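Comments concern the structure below.
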Amino acid sequence: MAELLDRGYLYFCDCTGDQVQARKGDNKTPGYDGFCRDRALAQGPRTALRFATPVGGSTVVHDLIRGDVEFSHGVIDDFVVAKSSGAVLYALANVVDDRNDRISHVIRGEEHLPNTPKQILLWEALNLTSGLVTPIPHYAHLPLLVNEQRKKLSKRKDPVATEMYRDQGYLPEAFVNYLALLGWSPSGEEEKIDVSTLIREFRLEDVSHSPAFFDVKKLLHLNGTYIRELSPEAFIERAQPWVSPSTSAWSPQEYQTPWPVENFDPELFGRVAPLVQERIALMGEIPAMVDFFFLADAPRDDDAFTKTIATSEVAQAVLRDLVEEFAAVNWDAETLHATVMSVGERHEWNLRKAQAPLRCALTGRLVGPPLFESLVILGREETIRRIEMAL
RNA sequence: GGUCCCAUCGUCUAGUGGCCUAGGACUCCAGCUUCUCAAGCUGGCUACGCGGGUUCGAAUCCCGCUGGGACUGCCA
């Protein structure tokens with residue numbers, strides 16, 4: 001830095017923000033006016049270090065994505081490189097770090113494009129004065145990710161924490177896949193692409209130039225297809241954080257299963273897993289789909305209960321008949337299916353209507369995994385007990 | 001205000017002068033299937049911002065306009 005100073009690339013400045021502002025008036029050139037550039041100030045208690053931007057000419061950023069972008073030196077002000085406190089600022093620190101690490105590619109958001117010429121200028125100055133010449137890195141400025149208002153995604157206002165997506169049950173591979181689709185697309189018509197193919201096919205040069213909207217809907221869909229493509233074993237394995245957080249290495253923040261942990265039965269879950277795997281788009285949906293298996297009693301959704309059981313004479317009659325039939329019938333999905341259907345017919349209800357009160361009595365909900373398979377897993381005794389409880 | 005970037009369906013995009021009466025995916029709508037919910041299948045709606053050029057021919061090249069965005073700190 002001393003060398004940079006000696007050679008005139010840097011100079012001390014004691015102007016305050018107000019002074020700079022006052023001098024500027026209606027002047028249209030932005031930023032600092034270079035007031036102290038030739039004052040040869042010595043370092044003082046309130047002197048910041050500024051970079052003396054070359055007077056004429058321009059600096060061209062060779063951007064891998066956007067091509068050459070030219071910045072006239074006339075519009076680059078003498079920016080501060082170190083605070084009066086001595087703290088080195090981003091522009092310089094960044095360049096120094098990148099030189100130390102021999103960075104070959106600087107890949108960042110488009111918002112950094114305007115300050116890239118400053119960094120190049122700094123880099124060149126350092127090459128000339130430090131005795132260490134390192135090649136200027138390749139720059140690539142990625143398009144911004146924007147929200148529905150088409151504004152740059154903000155840490156404060158927008159849901160950008162990847163942990164949050166992970167906690168909700170987005171699979172990392174689906175998330176990476178989706179992100180890759182923002183601003184880039186695979187060669188074929190298939191958008192689902194695994195990481196190794198992505199690595200092989202991705203070219204910075206092919207990245208689009210325009211901002212992209214982060215569409216959770218599409219992410220969700222993609223996540224669903226990834227979940228469905230998991231092998232049953234893999235699905236069970238990856239469901240662990242949501243069904244058995246106490247035994248998994250990781251689980252969502254402040255997450256608790258809807259059932260007492262000691263009630264969880266891995267063997268039983270293994271049997272239900274395939275039933276839920278194809279009907280969810282988020283791993284986080286699993287607990288609500290299987291909770292009735294691990295709760296002592298069926299959960300009760302009052303609205304659903306009132307609607308399908310409490311206010312329906314027929315529903316109650318169906319349930320009563322079911323208790324009788326279930327006591328003697330073969331306990332397999334096919335038989336149960338037929339039984340519910342015939343009991344329904346007895347009351348002039350089709351299967352669609354007849355299954356509703358039964359589902360509600362057992363699961364507490366109107367939607368869930370396939371009913372008859374669930375009954376088989378739940379068992380005859382528990383099934384009958386829950387129906388009786390509902391009556 | 002200044003500098004820079006950007007501009008194809010609602011969204012993400014394919015498209016690099018003729019293969020485009022513009023393709024795919026998500027969303028939405030309709031239908032099929034169906035024990036609920038999904039999934040799946042079939043079909044449908046919807047786009048090259050505007051105006052000038054260049055060219056036999058333009059979504060594709062050039063200019064202007066309009067629109068959007070980023071940056072404009074002794075923040076990063």
Side-chain angles (χ1 to χ4, degrees), chain A residues 13-17 20 26-32 46-50 61 63 65-67 69-72 74-77 79-91 93-94 108-117 141 143-146 148-152 178-192 206 208-222 224-225 227-228 275-281 285 289 304 308 333 336-337 340-341 344 350-356 358-360 363 365-375:
Chain A
C13 166
D14 64 358
C15 298
T16 65
V20 175
D26 58 343
N27 195 338
K28 39 185 176 276
T29 49
Y32 184 67
R46 285 189 14 213
T47 55
L49 215 41
R50 285 183 185 275
V61 176
D63 191 278
I65 295 173
R66 281 149 220 282
V69 184
E70 181 174 1
F71 293 87
S72 162
V75 298
I76 303 176
D77 73 335
F79 54 97
V80 173
V81 133
K83 302 211 266 184
S84 46
S85 69
V88 171
L89 259 17
Y90 172 73
N94 199 173
R108 44 175 18 174
E110 188 195 329
E111 75 258 40
H112 286 280
L113 188 50
N115 73 50
T116 304
H141 288 93
L144 257 20
L145 253 31
V146 299
E148 40 278 273
Q149 284 85 41
R150 296 253 125 209
K151 302 274 200 213
K152 175 173 82 161
Y178 176 68
L179 247 27
L181 257 23
L182 256 24
W184 180 83
S185 64
S187 49
E189 291 212 318
E190 182 55 64
E191 292 191 321
K192 223 173 136 289
D206 297 334
S208 88
H209 300 183
S210 48
F213 170 65
F214 187 93
D215 186 4
V216 189
K217 285 247 189 72
K218 185 158 182 173
L219 205 210
L220 187 65
H221 170 86
L222 197 59
T225 74
I227 289 178
R228 271 173 258 124
L275 265 29
V276 311
Q277 179 173 3
E278 58 179 317
R279 33 181 47 77
I280 58 169
E285 293 174 48
M289 283 227 124
T308 59
L336 294 172
H337 183 283
V340 175
M341 192 178 301
N350 59 22
L351 188 54
R352 181 188 177 85
K353 294 190 74 172
Q355 62 85 36
L358 178 58
R359 178 184 296 280
C360 183
T363 73
R365 301 173 204 280
L366 267 22
V367 302
L371 190 52
F372 307 115
E373 284 81 349
S374 298
L375 295 198

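Proteins get letters first, then strands, A, B, ... in listed order; numbering begins at 1 in each. The shown structure was predicted, so the numbers you read here are calculated from the model rather than taken from an experiment.
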Exercise. Pick the nucleotide of RNA chain B nearest each of A:Thr47 and A:Ser187; which residue has the one closer to the 5' end?
Worked result: A:Ser187
Problem set entry | Criterion side-chain contact (heavy atoms from CB on, under 4.5 Å) on A:Leu182 and A:Phe213, from CA distance to verdict | CA-CA 8 Å; A:Leu182 256 24; A:Phe213 170 65; over 6 Å; no
Exercise. Considering only the P atoms, how many Å lie between B:C32 and B:C50, rounded to the nearest integer?
Worked result: 40 Å
Problem set entry | No-H, no-angle donor-acceptor pair, A:Arg66 side chain to B:C6 base, under 3.5 Å | no
Problem set entry | Under 3.5 Å donor-acceptor, A:His209 side chain and A:Ile65 backbone | yes
Exercise. Who passes side chain to side chain contact (heavy atoms under 4.5 Å, CB included) against A:Glu189, sequence neighbours left out?
Worked result: none
Problem set entry | Rounded C1' spacing from B:C19 to B:U60 in Å | 14 Å
Exercise. When all nucleic acid strands are considered with a 4.0 Å heavy-atom cut-off, which category describes A:Glu190: base, sugar-phosphate, or nothing?
Worked result: nothing
Seminar exercise, completed: Paired to B:C28 by Watson-Crick or G-U wobble criteria (both distances under 3.5 Å) is B:G44
Exercise. Which whole number of Å gives the distance between the P atom of B:U27 and that of B:C12?
Worked result: 15 Å
Exercise. Can you tell me how far P of B:U33 sits from CG of A:Leu351, to the nearest Å?
Worked result: 15 Å
Exercise. Is it true that a side-chain atom of A:Glu191 and a backbone atom of A:Pro186 form a donor plus acceptor pair closer than 3.5 Å?
Worked result: no
Exercise. Using the C1' atom in both, what is the distance from B:A47 to B:G24, to the nearest Å?
Worked result: 14 Å
For this session: Look only at the side chain of A:Tyr178 and the backbone of A:Val216, and say whether a donor-acceptor pair between them is shorter than 3.5 Å.
Result: no
Exercise. Should A:Thr16 and A:Arg46 be marked as a side-chain contact (heavy atoms from CB on, under 4.5 Å) after you check the CA-CA gap, both sets of side-chain angles, and the distance that decides it?
Worked result: CA-CA 9 Å; A:Thr16 65; A:Arg46 285 189 14 213; 3.6 Å; yes
Exercise. For A:Cys360, which contact category applies under a 4.0 Å heavy-atom criterion: base, sugar-phosphate, or nothing?
Worked result: nothing
Exercise. For A:Val88 and A:Ser72, take the nucleotide of RNA chain B holding the closest heavy atom to each; which residue's nucleotide lies nearer the 5' end?
Worked result: A:Ser72
Exercise. Counting just side-chain N and O atoms, does A:Lys217 come under 4.0 Å of either OP1 or OP2 of B:A25?
Worked result: no
Problem set entry | Side chain of A:Tyr90 (C-beta onward), nearest among B:C74, B:U36, B:A76 | B:A76
Exercise. If you measure from CG on A:Leu144 to NZ on A:Lys151, what distance do you get to the nearest 0.5 Å?
Worked result: 12.0 Å
Exercise. Atom CG of A:Leu145 to atom C1' of B:G69: distance rounded to whole Å?
Worked result: 13 Å
Exercise. When rounded to the nearest 0.5 angstrom, what is the spacing between OG1 in A:Thr116 and CZ in A:Phe71?
Worked result: 6.5 Å
For this session: Give, for atom CG of A:Asp215 and atom CG of A:Leu145, the distance between the pair rounded to the nearest 0.5 Å.
Result: 11.5 Å
Exercise. From the list B:A70, B:A76, B:C35, which nucleotide is the closest neighbour of the side chain of A:Gln355?
Worked result: B:C35
Seminar exercise, completed: Partner of B:C50 under the Watson-Crick or G-U wobble criteria, both distances under 3.5 Å, comes out as B:G64
Collect all protein-nucleotide pairs involving nucleotides 37-42 of chain B in which both atoms are nitrogen or oxygen and the distance is under 3.5 Å.
unit_1: B:C37; atom_1: O2; unit_2: A:Arg279; atom_2: NE; d: 2.9
unit_1: B:C37; atom_1: N3; unit_2: A:Arg279; atom_2: NE; d: 3.2
unit_1: B:C37; atom_1: N3; unit_2: A:Arg279; atom_2: NH2; d: 2.6
unit_1: B:C37; atom_1: N4; unit_2: A:Arg279; atom_2: NH2; d: 3.0
unit_1: B:A39; atom_1: O3'; unit_2: A:Arg228; atom_2: NH1; d: 3.1

Exercise. So what does A:Lys151 touch, heavy atoms closer than 4.0 Å: a base, only the sugar-phosphate, or nothing?
Worked result: sugar-phosphate
Exercise. Contact class for A:His141 (heavy atom, under 4.0 Å): base, sugar-phosphate, or nothing?
Worked result: nothing
For this session: Test side-chain contact (heavy atoms from CB on, under 4.5 Å) on A:Leu89 and A:Phe79 and set out the steps.
Result: CA-CA 10 Å; A:Leu89 259 17; A:Phe79 54 97; over 6 Å; no
Exercise. What distance separates A:Arg365 CZ from A:Thr308 OG1, expressed to the nearest 0.5 Å?
Worked result: 13.5 Å
For this session: For B:G44 versus B:C9, give the span between their C1' atoms, rounded off to a whole number of Å.
Result: 14 Å
Exercise. Counting side-chain heavy atoms from C-beta on, which of B:C4, B:C35, B:C6 comes nearest to A:Leu113?
Worked result: B:C4
For this session: Start with the C-alpha distance between A:Arg66 and A:Leu113, add both sets of side-chain angles, then the distance that settles side-chain contact (heavy atoms from CB on, under 4.5 Å), and finish with yes or no.
Result: CA-CA 10 Å; A:Arg66 281 149 220 282; A:Leu113 188 50; 3.9 Å; yes
Exercise. When the distance from CD of A:Glu111 to C1' of B:C75 is rounded to whole Å, what number comes out?
Worked result: 13 Å
For this session: Measure from CD on A:Glu189 to C1' on B:G23 and round the result to the nearest Å.
Result: 6 Å
Exercise. Considering only the P atoms, how many Å lie between B:G53 and B:U13, rounded to the nearest integer?
Worked result: 33 Å
For this session: Return the nucleotide paired to B:G73: Watson-Crick means purine N1 to pyrimidine N3 with N6-O4 or O6-N4, wobble means G-U with N1-O2 and O6-N3, both under 3.5 Å.
Result: none
Exercise. Roughly, in whole Å, what's the span from CD in A:Glu110 to P in B:U72?
Worked result: 13 Å
Exercise. Choosing from B:C74, B:C35, B:G23, which nucleotide comes nearest the side chain of A:Ser84?
Worked result: B:C74
For this session: Name the closest nucleotide to the A:Asn115 side chain, picking from B:A76, B:U3, B:C35.
Result: B:A76
Exercise. A:Asp206 has an atom CG; how far is it from atom P of B:U16, in whole Å?
Worked result: 13 Å
Exercise. If we take the C1' atom in both B:C5 and B:C20, what is their distance in whole Å?
Worked result: 28 Å
Exercise. Expressed in angstrom and rounded to an integer, what is the separation of A:Leu275 atom CG from B:C35 atom C1'?
Worked result: 12 Å
For this session: Starting at atom NZ of A:Lys152, determine the distance to atom P of B:C5, rounded to an integer number of angstrom.
Result: 18 Å
For this session: Determine the interatomic distance between P on B:G15 and the same-named atom on B:C4; round to the nearest Å.
Result: 28 Å
For this session: Find the partner of B:C35: check Watson-Crick (N1-N3 plus N6-O4 or O6-N4) and G-U wobble (N1-O2, O6-N3) distances, both under 3.5 Å, and reply none if neither fits.
Result: none
Exercise. Tell me, for nucleotides 8-13 of chain B in 5' to 3' order, what letter each nucleotide earns: B for a base near a protein heavy atom under 4.0 Å, S for only sugar-phosphate near one, - for neither?
Worked result: ---SBS
Exercise. Base, sugar-phosphate, or nothing: which does A:Glu285 touch, judged by heavy atoms less than 4.0 Å apart?
Worked result: nothing
